[in-house]
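Protein chains get the first letters and strands the later ones, always in sequence-line order, with residue 1 at the start of each. On a predicted model such as this, the values are computed, not experimentally measured, just so you know.
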Protein chains: 2
Amino acid sequence: MADIDSGSAQAAPRKRADALRNQQRLLDAAAAAFVAAGVDAPVRDIAARAGVGVGTIYRHFPTRADLIVAVYRHQVEACAAAGPALLATSGTPHAALAGWIGLFVDFLVTKHGLAEALQSDAAAFETLHAYFLDRLVPVCAQLLDAAATAGEIRSDIDAYALLRGIGNLCVGAGNDPRYDARRMVGLLVAGLRLDHD
Amino acid sequence: MADIDSGSAQAAPRKRADALRNQQRLLDAAAAAFVAAGVDAPVRDIAARAGVGVGTIYRHFPTRADLIVAVYRHQVEACAAAGPALLATSGTPHAALAGWIGLFVDFLVTKHGLAEALQSDAAAFETLHAYFLDRLVPVCAQLLDAAATAGEIRSDIDAYALLRGIGNLCVGAGNDPRYDARRMVGLLVAGLRLDHD
DNA sequence: TGAGCAAGCGGAACCGCGTTCCGTTAACCA
DNA sequence: TGGTTAACGGAACGCGGTTCCGCTTGCTCA
């Protein structure tokens, strides 16, 4: 379950040590560049930070989306895992849903440009789009379903559309003190509730 | 009230006929290019459509935002004017608000890339941002205020943040059949309502 | 009316950025 | 240790926005 390289994957002959090292350096450099300049940090900057040539970036991460996914994979997985956990520990499904959405929003607004990249229809971001959707839509759907079954929210909400809407509301947050994405997402979530009480 | 050039503005000596003609051609060409390729249509394409050189674009419209504003000015003005009109003719302030927001959303989703440009923090779009805000925030504030006074919605909603949120929800609409911006905006507006009934 | 002037024009040139390509380097294995 | 080749680096290319300057042409005034 643990060692992917030595055990199971004999088809891939084992990577060279310098290739592994460079891949790790690139991940670190990209993470730093993303913090400093957002997820559209220039390719050359990332390469320079890592001390490698630009060609090396493209060999390891053919599209920018591959690099972004690699950098944020851990956090996305954690977010996905938090869904069922919240459902188990929260008082109501709606509280779990609200809490989980809060996590997602916190993640997006602290990654400059990530929300924008997620909504981009450029072909290069297809992988990014697909990864986030694959991991998070099922979790969101589960939370929505639980809350709908409990009669707390309307039952005609599509998880994909909701996630996309939330992502959209996070676009540009952090650049504009007059705009509070969390607040707007809160209103959107309030709009999900059934009218009683 | 009508002739700006001949009457009031004597400081500007009167433009040459070819300059006026080119400006109009550029507006037409830009409008066509925006429909065909979105508001980020390449400058060279717009120039080619208008049959002018790229330098001529920059002389008339120093930034892309100036061009966008010029192309859509009429529609934005119409949208701004519709606010008070709806307030006067609708049954309730909330109905007026919902109707007006519907107009705004229809406008945004039919202009490819406009919502994106509106949220962009690039310096070149500062003019665009400022123009939309100047014209629409007061209208939105008036509608919000009327609805809040009537006790239909919460009274702690900022017109600027709401418009920005709505604009955000319209980003990418039209490229994705699974995402319905109007629906999401509807949920957001539902979230404005006070809890009773 | 036609000569002089400057407003206005066109597009070459420049810059920054993403992406590709290939000659060179150095890990790995026998 | 020497051969093989994965992997590297960075020059080169394409594209789009922006600037700049020599030429054109509409307008004015004698």
Show me the donor-acceptor pairs, under 3.5 Å and distance only, between side chains in residues 85-100 of chain A and residues at least two apart or in other chains.
residue	atom	partner	partner atom	Å
A/Thr89	OG1	A/Ala85	O	3.1
A/Ser90	OG	A/Leu86	O	2.8
A/Thr92	OG1	A/His94	N	3.4
A/Thr92	OG1	A/Ala95	N	3.0
A/Thr92	OG1	A/Glu152	OE2	3.3
A/Trp100	NE1	A/Cys79	O	2.9

Side-chain donor/acceptor pairs under 3.5 Å, residues 121-131 of chain A, sequence neighbours excluded:
residue	atom	partner	partner atom	Å
A/Asp121	OD2	B/Asn175	ND2	3.3
A/His129	ND1	A/Leu118	O	2.8
A/Tyr131	OH	A/Glu77	OE2	2.6

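B/Pro84 meets the side chain to side chain contact (heavy atoms under 4.5 Å, CB included) test with B/Val139, B/Gln142; sequence neighbours excluded. In this structure B/Ser155 satisfies the side-chain hydrogen bond (donor to acceptor under 3.5 Å, both in side chains) test with no other residue, sequence neighbours excluded.
Among pairs with a residue in residues 36-62 of chain A, those fulfilling side chain to side chain donor-acceptor pair (under 3.5 Å) read A/Gln23-A/His60, at least two apart in sequence or across chains. Pairs of residues two or more places apart, or lying in two chains, that qualify as salt bridge (Lys or Arg N to Asp or Glu O under 4.0 Å) and include a residue from residues 17-35 of chain B are B/Arg16-B/Asp18. Evaluation of the salt bridge (Lys or Arg N to Asp or Glu O under 4.0 Å) test over residues 86-98 of chain B, restricted to residues two or more places apart or in two chains, returns none. Judged as a side chain to side chain donor-acceptor pair (under 3.5 Å), the pairs with a partner in residues 156-168 of chain A (not counting sequence neighbours) are, in order, A/Gln119-A/Arg164, A/Arg154-A/Asp156, A/Asp156-B/Arg183, A/Tyr160-B/Asp176, A/Arg164-B/Asp176, A/Asn168-B/Tyr179. Counting only residues at least two apart or in different chains, salt bridge (Lys or Arg N to Asp or Glu O under 4.0 Å) contacts with residues 100-116 of chain B comprise B/Asp106-B/Arg182.
In this model, the phosphate group of D/dC8 is approached by a side-chain N or O of A/His60 to a distance below 4.0 Å at OP1 or OP2.
Ring geometry for A/Phe107 versus A/Tyr72: interplanar angle over 60°, hence perpendicular rather than tilted (30 to 60°).
Think of the region where chain A sits on DNA chain C: with heavy atoms and a 4.0 Å cut, that region ends 5' and 3' at C/dC17 to C/dC29.
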Using a cutoff of under 3.5 Å, can you pull out all pairs of nitrogen or oxygen atoms linking the protein to nucleotides 22-30 of chain D, with atom names and distances?
residue	atom	partner	partner atom	Å
D/dC27	OP1	B/Ala17	N	3.0

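What separates CD1 of A/Ile57 from P of D/dA7 is a distance of 17 Å, to the nearest Å.
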Which letters describe nucleotides 10-20 of chain D, given B = protein heavy atom under 4.0 Å from base, S = only from sugar-phosphate, - = neither? BBB---BBBB-

